[in-house]
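Report on the structure given below.
Each ligand, and each atom within it, is numbered from 1 in the order the structure gives. Along the sequence shown, residues are numbered consecutively beginning with 1.
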Amino acid sequence: MKRGKIYVVGLGPGDRANMTEAFLKAIRESDVIVTYKTYAELIKDLTVGKEVITANMKEELLRAKVAIEKALEGKTVAVVSSGDPQVYGMASPVLELLCLGGFDVEVEVLPGVTAALAASSLFGAPLAHDFAVISLSDLLTPREEILRKVELASEGDFVIALYNPINPNLLREAMRVIAKYRSPRTPVGIAKAVGRDDQWIALTTLGEWESYSDQINMVTTIIVGNSRTYTCGRLMITPRGYGNKYELARYVEEVRNNHRSSGGSSQ
Ligand code: SAH
């Protein structure tokens, strides 16, 4: 019998342009697709004629188990997460089961565009220096541990991308912790349903983000700038290092001068 294979893949935020070629190829090659209902819906035109398993699939280990069983039947299986499969996705549950069971199944993990990157690019360049990604889901991690990570990332002046802001109290508490270390003027980008039909974004601040709390749901990523992040119009920019202000000014001047001398207007 043919040896089964599992592709652990991510579809990106949702839009076709942000699905990788490798993802599309893996889906084409697969006989079975194991995923959530919402994601199955996003890729339904790619899975016509394939076995798509979504029912009763809330539990990650259960999905990993089904995928392995199908692969052991000699099938090629794609386990589909949103974004990237390693980032709070299906990669570790699948690999943990495979590793513990020692099953004879080929496995390949393919990278995808994770929500933090899809969201951040809508604001420009907020993640352009060191950043921390923290999940606010307290289903599998105790809230004290989550808040401690938020605290340390804040103290370390990391830009912070918050995933899974599903518990409003915990989100409020996390933002309060960050506010101990950062000014109320710190830029905050809120991005909901990036790459989907109902995409919505707001650029706000650490002092004012709560006026958008009604919009925040389980497909929202929140990006909190560090002490050097600033806004320029609708953009959020984190400089890559210290002290390039004068150089920036010099280059702006050069661009203006060159533009003028080539006959353009500088305004
Ligand atoms: N593996 C996924 C993350 C899964 S955890 C990835 O790499 O993106 C689920 C969280 O991801 C959500 O609560 C939300 O914070 C974020 N997320 C997923 N899709 C998103 C989207 N289209 N827009 C904004 N945030 C998204």
Is the shortest N/O to N/O distance between [X] and ligand 1 below 3.5 Å?
{"X": "K192", "answer": "no"}
{"X": "P165", "answer": "no"}
{"X": "P85", "answer": "no"}
{"X": "A191", "answer": "no"}
{"X": "L162", "answer": "no"}
{"X": "N164", "answer": "yes"}
{"X": "S82", "answer": "yes"}
{"X": "V219", "answer": "yes"}
{"X": "T114", "answer": "yes"}
{"X": "P13", "answer": "yes"}

Does K70 pair with E51 as a salt bridge, N-O distance under 4.0 Å? yes
Partner of N257 under side chain to side chain donor-acceptor pair (under 3.5 Å), chosen from H259, E254, R260: R260
Of all heavy-atom pairs between R182 and V159, which one has the smallest distance, and what is that distance? NH1-CA, 4.4 Å
Is the backbone N or O of K50 less than 3.5 Å from a side-chain atom of T47, with the two atoms forming a donor-acceptor pair by type? no
Check T220 against ligand 1 and report side chain, backbone, both or neither, counting heavy atoms closer than 4.0 Å.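 The part of T220 near ligand 1 is the backbone, not the side chain.
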Answer with yes or no whether the hydrophobic clustering places L117 together with L11; edges join I, L, V, M, F, W, Y residues whose side-chain heavy atoms lie under 4.5 Å apart.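 Shared cluster, no.
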P165 and side-chain contact (heavy atoms from CB on, under 4.5 Å): which partner among I190, I222, T221? I222
How are the rings of Y212 and W200 set to each other: parallel, tilted or perpendicular (split at 30° and 60°)? tilted
